[in-house]
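One structure below.
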Amino acid sequence: MKKKQNFGPKMSDQKKSGNSRGNNRVSNFDPSRRNSKKEEFAKVNGGVFVYSKPLSVAELSKAINVPSTEIIKYLFLQGKAVTINQMLDDDTIGELCLQFGYDFKKEQNVDAAHFEELKIEDDPSLLKERPAVVTIMGHVDHGKTTLIDAIRSSHIVDTEAGGISQEIGAYQKEIHGKKITFIDTPGHAAFTAMRARGASVTDIVILVVAADDGVMPQTIEAIDHAKAAGVPIIVAINKIDVPGANPHKVLEGLMAHDVIAEEYGGDVMCVQISAKKGIGIDDLLDMVLLKAEMLELKANPARYAIGTVLEAELDKGVGPKATLLVQNGTLNMGDYVVVGETYGKVRRMTNEFGTIMKTAGPSAPVSVIGLADVPSAGDRFMAFPEERQAKEIAEKRQLEKTAQQRAGTAALTLNDLNNLITSGKIQDINVIVKADTDGTAEALKANLEKMSTDTIKVHVLLASAGAISDSDILLASASHAIIFGFNVRPDARVRAMAEENKVEIHLHKIIYELLDEMEAALKGMAITEKVESVTGEAEIRHLWKMVHVGTIAGAYVRSGVIKSKEKVRLIRDGVVIYDGVLGSLKRFKDDASEVKQGYECGFTISGYNDIKEGDVVEAYEMVEKKD
């Protein structure tokens, strides 16, 4: 068997950095200092003996500066006969430390393949102030990219199709001698997709709201996603120069979603701007710098780089290319990096202007070439000193990801709750509610949150009217949430996305059944699982009205099979309009028992005639079972 390369010492006596994850260290590799080679598994730090692996009497003696004969003598008097090379268990090590005047702490090793779990601790003297990373979010056409354009004094919008962002971009700007990193995303979906992969890249969110348009559906979704990520919001009220602009209406609309401006007694910074005319941009940037100062953002540029992939592509000319955000440490040309489940050597590194960079410090976005394969947005990366280390770690990560995809579940399921609550492993349950009306959504939110107890809190991340969308799936995956739908339906694409992301969707048409299901889960009772099988889906394209028959729908079967006399739902814009039974079914003039995917048909819905072109009929079967 091939022997794994040892990577170096631990990192026990260093203070926490702003981008740390977990309470562990990478086994045998210390990225805290770029030239660290010496292995060190135990040391005394401030009167505390810190170790990370089993120790012999000789090793403990050397680490705590106590003669081995004293240790052997003490243990002999306690009835334990040991030799100088004998390995000591944790209880004995703790007892000896206390006897000779030290507190003790054992650090848990983190396999180098799990570097995301590393708690980065740095010597305070090595910490330096780092630029804030800011994400621009908001409703479509409210001026997100135009704001970036104004900040950079460039013309990004002119190069984009229809003036709408087509991909993530990352840019740095120096303001009053301090840099700010801006990420211009296509919307909250990309923001949450990265968070769903374990990446938290943003320090501050700028929420752009058009003064003439006000708070819109995507504005609300952006707010919900920023709150779920725990990121502070700065509101930029844009287009104050256009006719019909009403900034106060915007502030009032935001209050309805618990985004309360400072002038109304809240803590959210708000500024009025015109990105197109450059009005208020300096004030907005001053607010970003002030918020960054309040957050006290710091990092250690002296360590090996660790960060996140913002975007990646296969360039026909140079091969796999990735835009990386360095979140801690310094990335150098020539470094070996593990990126997601691939690896490579940084052969070329450029900034947003295409300028070649030899080094990239904390909060710097850079494009790199040299990876073996194309990673995914949101993948984490880390630099290592040798290619063999990087290759071995990447291979192990790939194997673990494959196993996790086969067995893992990203989001919570109702049947998980009993075991998790009983074992004390869960205190917060995240829920997303989508309903046919706002009133129903708010009522469900209130009733679900009332189910919270002293130990378990039900937190409704999002409650809104409308169909279950891919954005809801991403939010559920990122937040380990359960989705409840009331009189709404996900389409086939969203259902497939939910299945891929292991997100559980519970659909209801009676409120008390939804609430009873959640209450039963919280009490650890047997859950009656409604297993639904969607057997077919047809799009209505033509309508005919006949006396004594009613409305006849001419439809195209998009998937599955439509059968006569089976249960169907009539869906309009993702909302269930009617739930009933299919009436007569015909192919041309002939009666048919079923019509398969790819064929046209005509049918009626028993007892219902208010059908419109563009409606979708979903055929389904429902089976109830208990786990």
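Donor-acceptor pairing under 3.5 Å is recorded for the side chains of Thr308 and Gln327. Between the side chains of Gln218 and His142, no donor-acceptor pair is found at a separation under 3.5 Å.
Side-chain atoms of Asp615 never come within 3.5 Å of backbone atoms of Ile611 as a donor-acceptor pair (strictly under, hydrogens ignored). Between the side chain of Arg397 and the backbone N or O of Gly340 there is at least one donor-acceptor pair closer than 3.5 Å. Not one N or O on the side chain of Asn501 forms a donor-acceptor pair closer than 3.5 Å with the backbone of Val503. In this structure, the side chain of Asp213 does not engage the main chain of Ala210 through any donor-acceptor pair within 3.5 Å.
By the 4.5 Å heavy-atom criterion applied to side chains, Thr440 and Leu444 are counted as neighbours. Proximity of Leu448 to Val433: side-chain heavy atoms (C-beta onward) are separated by under 4.5 Å at one or more points. Taking 4.5 Å as the limit, some side-chain heavy atom of Thr181 sits within range of a side-chain heavy atom of Pro365. Side-chain contact between Leu507 and Pro490 is present, with heavy atoms from C-beta onward closer than 4.5 Å. Looking only at side-chain heavy atoms (C-beta outward), Val209 and Leu207 come within less than 4.5 Å of each other. Val561 has its side chain within reach of Lys563: a pair of non-hydrogen atoms, C-beta onward, lies under 4.5 Å apart. For the pair Val288/Ile206, a side-chain contact is recorded, criterion being any heavy-atom separation below 4.5 Å from C-beta on. No side-chain heavy atom of Val134 sits under 4.5 Å from any side-chain heavy atom of Lys291.
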Before you tell me yes or no, could you show the steps for Lys450 and Glu519 under salt bridge (Lys or Arg N to Asp or Glu O under 4.0 Å), namely the whole-Å CA-CA distance, both residues' side-chain angles and the distance that decides it to 0.1 Å?
CA-CA 10 Å; Lys450 283 180 184 177; Glu519 186 176 11; over 6 Å; no
Going through the distances and angles, do Val268 and Val235 end up as a side-chain contact (heavy atoms from CB on, under 4.5 Å)?
CA-CA 7 Å; Val268 177; Val235 176; 3.8 Å; yes
Evaluate the criterion salt bridge (Lys or Arg N to Asp or Glu O under 4.0 Å) for residue pair Asp212 and Lys239; output intermediate values, then yes/no.
CA-CA 7 Å; Asp212 62 333; Lys239 302 186 181 182; 5.0 Å; no
Would Leu475 and His225 satisfy side-chain contact (heavy atoms from CB on, under 4.5 Å), going step by step from the backbone distance to the final call?
CA-CA 7 Å; Leu475 180 57; His225 287 239; 3.7 Å; yes
Starting from the C-alpha separation in whole Å, work towards a yes-or-no answer on side-chain contact (heavy atoms from CB on, under 4.5 Å) for Ile562 and Val568.
CA-CA 9 Å; Ile562 299 294; Val568 293; 5.7 Å; no
Taking it one step at a time, do Ser452 and Lys457 satisfy side-chain hydrogen bond (donor to acceptor under 3.5 Å, both in side chains)?
CA-CA 4 Å; Ser452 298; Lys457 179 174 175 57; 4.9 Å; no
Go through Cys601 and Lys586 one step at a time and tell me if the side-chain contact (heavy atoms from CB on, under 4.5 Å) criterion holds.
CA-CA 6 Å; Cys601 61; Lys586 291 180 180 289; over 6 Å; no
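Screening Asn447, Ile482, Asn430, Val431 for a side-chain contact (heavy atoms from CB on, under 4.5 Å) involving Val458 leaves a single residue, Val431. Of the candidates Leu514, Asp436, Asn487, Val576, Asn487 is the only one forming a side-chain contact (heavy atoms from CB on, under 4.5 Å) with Lys509.
The structure places CD of Glu566 at 6.5 Å from CG of Leu582, a figure rounded to the nearest 0.5 Å. Expressed to the nearest 0.5 Å, how far CD1 of Ile273 lies from OG1 of Thr146 amounts to 9.5 Å. Atoms NZ and CG, from Lys612 and Asp573 in turn, are 11.0 Å apart once rounded to the nearest 0.5 Å. Rounding to the nearest 0.5 Å gives a distance of 7.5 Å between CD1 of Ile473 and CD1 of Ile432. For the atom pair CG of Asp610 and OH of Tyr608, the computed distance is 4.0 Å after rounding to the nearest 0.5 Å. Note that CZ of Phe603 and CZ of Arg587 are 13.5 Å apart. Values are rounded to the nearest 0.5 Å.
Electrostatic pairing of Asp579 and Arg569 counts as a salt bridge here, judged by a charged N lying under 4.0 Å from a carboxylate O. Glu621 and Lys567 are not joined by a salt bridge, as no carboxylate oxygen comes within less than 4.0 angstrom of a charged side-chain nitrogen.
Outside the 6.0 Å centre-distance limit, the rings of Phe182 and Tyr171 are not counted as a close aromatic pair. Under the 6.0 Å cut-off for aromatic ring centres, His506 and Phe484 qualify, their centroids lying closer than that.
For the pair Thr219 and His139, the tightest heavy-atom approach, listed with the atom from each and the gap, is OG1-CB, 3.6 Å. Heavy-atom minimum distance, Ala322 versus Val309: CB-CG1, 4.5 Å. Of all the heavy atoms in Asn238 and Ala275, the pair that sits closest is OD1-N, 2.9 Å. Among all heavy-atom pairs drawn from Ile505 and Ala498, the shortest one is CD1-CB, 3.8 Å. Closest non-hydrogen pair, Ser479 versus Leu461, comes out as CB-CD1, 3.3 Å. Scanning both residues, Gly485 and Ile468, for their nearest heavy atoms gives CA-CD1, 4.2 Å.
Sparse packing is recorded around OH of Tyr599, with 12 or fewer heavy atoms of other residues, nucleotides or ligands lying under 6.0 Å away.
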Using residues 242-266 as the side-chain source, report each donor-acceptor pair under 3.5 Å to any protein atom, sequence neighbours left out, with the distance given to one decimal.
from, atom 1, to, atom 2, distance (Å)
Asn246, OD1, His248, N, 3.4
Asn246, OD1, Lys249, N, 3.2

Side chains of residues 536-543: which donor-acceptor pairs under 3.5 Å do they make with residues two or more places apart or in other chains?
from, atom 1, to, atom 2, distance (Å)
Glu537, OE1, Arg558, NE, 3.4
Glu537, OE1, Arg558, NH2, 2.9

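With sequence neighbours excluded, the residues that form a side-chain contact (heavy atoms from CB on, under 4.5 Å) with Ser274 are Ile240, Asp241, Lys276, Lys277, Ile279.
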